Amino acid sequence: MVKNFPLEQSNPERPVISVYPDAKAASVDVAQRIASLIRAKQRDNKQIVLGLATGSTPIYVYEELVRLHREEELSFNNVISFNLDEYFPMQPDSSQSYVAFMKKYLFDHIDIKPENVHIPDGTLARAEIEAYCSAYENKIKAVGGIDIQLLGIGRTGHIGFNEPGATRFSKTRLVELNDLTRTDAAPAFGSKEYVPTEAITMGIDTIMAARKILLMAWGRGKAEIVQKTMETEVTATIPATFLKTCEQVEFVLDNEAASLLTGLEA
Ligand code: PGA
């Protein structure tokens with residue numbers, strides 16, 4: 001099922017693209033791969049550090065991880081997690097917060113230790129943000145870096161909330177949200193005017209330091225940005241293109257998200 005995409009422009013490594021019949025099949029496979037690494041680390045008495053994403057894309061992955069916990073005794077007691085981003089400002093008990101999202105889809109249903117969970121804090125005073133973000137980076141480093149980073153992709157080409165213009169060496173920081181991103185988030189907030197204009201996000205550099213990166217995209221609605229990401233040279237106007245310079249990245253797509261790619265080789 002893994003297909004290589006022969007990208008000539010700027011990518012000596014040729015990113016691996018895995019194409020699955022549908023999002024569910026892809027998500028089950030991603031979850032199983034995460035579970036295997038969690039178990040392998042448990043056998044060695046080691047912790048594993050997961051970089052986690054929110055949005056509609058990872059929901060089936062989390063569902064499968066919860067199933068593995070309930071039905072196949074997968075424990076998360078050695079898991080440390082860092083979420084990619086959070087709206088700013090945002091109260092953790094608000095239903096739109098990524099804290100609420102993570103609880104609803106994953107953390108409330110597994111045995112991860114609460115002290116091992118990290119999600120950027122949307123309640124900070126503005127003056128505290130810079131120091132908080134650099135402490136977030138330091139915490140990731142202090143636990144040995146991220147083993148597996150899950151990513152979705154926005155229609156702007158953002159990863160995390162690194163919108164067009166984000167630089168390759170950006171770190172965790174406060175950013176402004178792109179207009180299209182706010183349009184896409186409007187249903188969750190009732191209306192676009194209620195979508196925050198800012199967020200705290202890991203940077204491109206933070207993400208690219210992970211030892212394995214799985215960028216997932218499902219559905220026809222992502223086909224254009226997936227095609228642009230693959231077929232445009234590496235550029236800050238499509239932040240996801242930076243990933244093409246990383247050999248540890250894998251693009252995990254369903255057939256619909258891959259439908260505009262040309263030149264996929266079986
Ligand atoms: P989605 O968002 O998973 O809700 O499509 C992805 C993203 O914006 O990164």
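Both backbone and side-chain heavy atoms feed into the values below; hydrogens, waters and symmetry mates do not. Atoms within a ligand are numbered from 1 in the order they appear, just like the ligands themselves. Fair warning: this is a prediction, and the values are worked out from it, not measured in the lab.
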Residue [X] vicinity, atoms of ligand 1 by number, heavy atom under 4.0 Å:
X    : result
G55  : 3 (O), 4 (O)
K222 : 1 (P), 5 (O), 6 (C)
G154 : 7 (C), 8 (O), 9 (O)

(request) From the options H158, M216, R155, select the one whose nearest heavy atom is closest to atom 7 (C) of ligand 1. (result) H158
(message) Distance check, rounded to the nearest 0.5 Å: L65 atom CG versus Q32 atom CD?
(response) 9.0 Å
(message) Taking NZ in K212 as the centre, count heavy atoms belonging to other residues, nucleotides or ligands within less than 6.0 Å. Is the count above 12?
(response) yes
(request) Determine whether more than 12 heavy atoms belonging to other residues, nucleotides or ligands lie under 6.0 Å from atom NZ of K192. (result) yes
[atom] [closest protein heavy-atom partner, distance rounded to 0.1 Å]:
atom                   : answer
atom 4 (O) of ligand 1 : S56 N, 2.9 Å
atom 6 (C) of ligand 1 : I153 O, 3.6 Å
atom 3 (O) of ligand 1 : T57 OG1, 2.5 Å

(message) Applying salt bridge (charged side-chain N to carboxylate O under 4.0 Å, His left out) to R33 and D29, what does each step give before you reach the verdict?
(response) CA-CA 6 Å; R33 286 197 257 167; D29 192 51; 3.4 Å; yes
(message) With no hydrogens and no angle check, just 3.5 Å: does a side-chain donor-acceptor pair link Q47 and N78?
(response) no
(request) Could you tell me how the ring of Y98 sits relative to the ring of F161: parallel (under 30°), tilted (30 to 60°) or perpendicular (over 60°)? (result) parallel
